[in-house]
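Below, chains carry the letters A, B, ... as their sequence lines are ordered, and counting in each starts from 1. These numbers come from the heavy atoms of this one structure, side chains and all, not from hydrogens, waters or symmetry mates. None of the values given here were measured: they were computed from a predicted structure.
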Protein chains: 2
Amino acid sequence: MLVHNPYASNCPTRMILDRVADKWAVLVLGLLIGAPVRFNQLRRAIEGISQKMLSQTLKSLERDGLVSRKAIATVPVTVEYAITPLGQTLAATLDALRIWAETHMEEVTASQQRYDANGMSGL
Amino acid sequence: MLVHNPYASNCPTRMILDRVADKWAVLVLGLLIGAPVRFNQLRRAIEGISQKMLSQTLKSLERDGLVSRKAIATVPVTVEYAITPLGQTLAATLDALRIWAETHMEEVTASQQRYDANGMSGL
DNA sequence: GATATCTAGTCACCATTGGAAACCACATGA
DNA sequence: TCATGTGGTTTCCAATGGTGACTAGATATC
């Protein structure tokens, strides 16, 4: 039974989908499982992310209550990001996706190659 | 055991993540579960999608082997899109996400309101 | 007979988004 | 004195996404 209809643009479910449909958020959340991590640690760990996007992503995740931010008054101020219990439940769900990707990656790649080859002659 | 490292930018897993991190793809896939649907049916069902994005999304999904395209030679040519077995397995995984969204939507919304209120005075 | 409509898209245009790099302030080390 | 590390913000540019016009052929309407 569908309580909410994600196909209506005003549905809050769709808002959450928009958040989840953010590859950086997914990667950040995945890294925070287990232990809190600092800003530049995250930046170095996630290949290809820019400071701007990391900052933006963390801000959104904090606003959504999926990640908590803790500034420590050390010499250069240290900021630690940790996953919240709510974030943990989402991360667990997203892990299923990571597993799907690992399992079916080859099938998808094969399909792409078939498509690219056929597209030239077939269609 | 992590065979692939999604945090490396060249990892194929990340490529799949990019695909999944597309809200339109998720919505289209969700609609195709059960029965094949025509182009304009999809367009009408998904509030807010443009023809361009629908066309683009369907093309990507077909290339990835998640959706199949069948043109029927009727009076105005009809094109039916159906989910493939591979697409079914992904759709099932994504359904867990939809359920998470429905379950935790209120917590997220509450957190956002707290954040927006505190942000003014607190920080 | 001319016009509007339905089918499934494509194309040109513009706004928003994302990425690269500079910059901030402060402290340490060479 | 200049480079490095901390955690970001700001600016600029390229790429992405959305809007609306357009194609083409047959049917329906005026």
Can you measure [X] atom [atom1] to [N] atom [atom2] for me and round it to whole angstrom units?
X: Ile49(B); N: dG18(D); atom1: CD1; atom2: C1'; answer: 11 Å
X: Asp22(A); N: dG18(C); atom1: CG; atom2: C1'; answer: 11 Å
X: Leu42(A); N: dG7(D); atom1: CG; atom2: P; answer: 9 Å
X: Ile46(B); N: dA8(C); atom1: CD1; atom2: C1'; answer: 15 Å
X: Glu62(B); N: dG9(C); atom1: CD; atom2: P; answer: 9 Å
X: Gln41(B); N: dG9(C); atom1: CD; atom2: C1'; answer: 16 Å
X: Ile72(B); N: dT7(C); atom1: CD1; atom2: C1'; answer: 12 Å
X: Arg38(B); N: dC6(C); atom1: CZ; atom2: C1'; answer: 10 Å

With Tyr81(A) as reference, evaluate Leu58(A), Val37(A), Leu61(A) under the side-chain contact (heavy atoms from CB on, under 4.5 Å) test and give the passing residue.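 So, applying the side-chain contact (heavy atoms from CB on, under 4.5 Å) to Tyr81(A) and each of Leu58(A), Val37(A), Leu61(A), only Leu58(A) qualifies.
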When you measure from the side chain of [X] to the backbone N and O of [Y], does any donor-acceptor pair fall under 3.5 Å?
X: Thr78(B); Y: Thr74(B); answer: no
X: Ser111(B); Y: Arg63(A); answer: yes
X: Gln41(B); Y: Arg38(B); answer: yes

Ignoring backbone atoms, test whether Arg44(B) places a side-chain nitrogen or oxygen under 4.0 Å from the OP1 or OP2 oxygen of dT7(C).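 Answer is yes, contact under 4.0 Å.
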Trp24(B) side-chain N/O to dG17(D) phosphate OP1/OP2 under 4.0 Å: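 For dG17(D), neither OP1 nor OP2 has a side-chain N or O of Trp24(B) closer than 4.0 Å.
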Side chain of Ser50(A) - closest among dA20(C), dT6(D), dA8(C):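 Per side-chain heavy atoms of Ser50(A), the pick is dA20(C).
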Locate the shortest heavy-atom distance separating Ser68(A) from Thr84(A); write the atom from each residue and the value.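 Smallest heavy-atom distance, with atoms named: N-CG2, 3.8 Å.
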Heavy atoms under 4.0 Å, any strand shown: does Arg43(A) hit a base, just sugar-phosphate, or nothing?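 Since no nucleic acid heavy atom lies under 4.0 Å of Arg43(A), the category is nothing.
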Do Val77(B) and Ile72(B) come within less than 4.5 Å of each other through their side chains, counting heavy atoms only?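 SC-SC contact between Val77(B) and Ile72(B) ruled out.
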Heteroatom pairs (N/O) under 3.5 angstrom, protein to nucleotides 8-16 of chain D:
| from | atom 1 | to | atom 2 | distance (Å) |
| --- | --- | --- | --- | --- |
| dG8(D) | OP1 | Arg69(A) | NH1 | 2.3 |
| dG8(D) | OP2 | Arg69(A) | NH1 | 3.1 |
| dG8(D) | OP2 | Tyr81(A) | OH | 2.6 |
| dT9(D) | OP1 | Lys59(A) | NZ | 3.3 |
| dT9(D) | OP2 | Ser55(A) | OG | 2.7 |
| dT9(D) | OP2 | Lys59(A) | NZ | 3.4 |

Which residues pass the salt bridge (Lys or Arg N to Asp or Glu O under 4.0 Å) test with Arg43(B), sequence neighbours left out?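 By the salt bridge (Lys or Arg N to Asp or Glu O under 4.0 Å) rule, Arg43(B) matches no residue at all.
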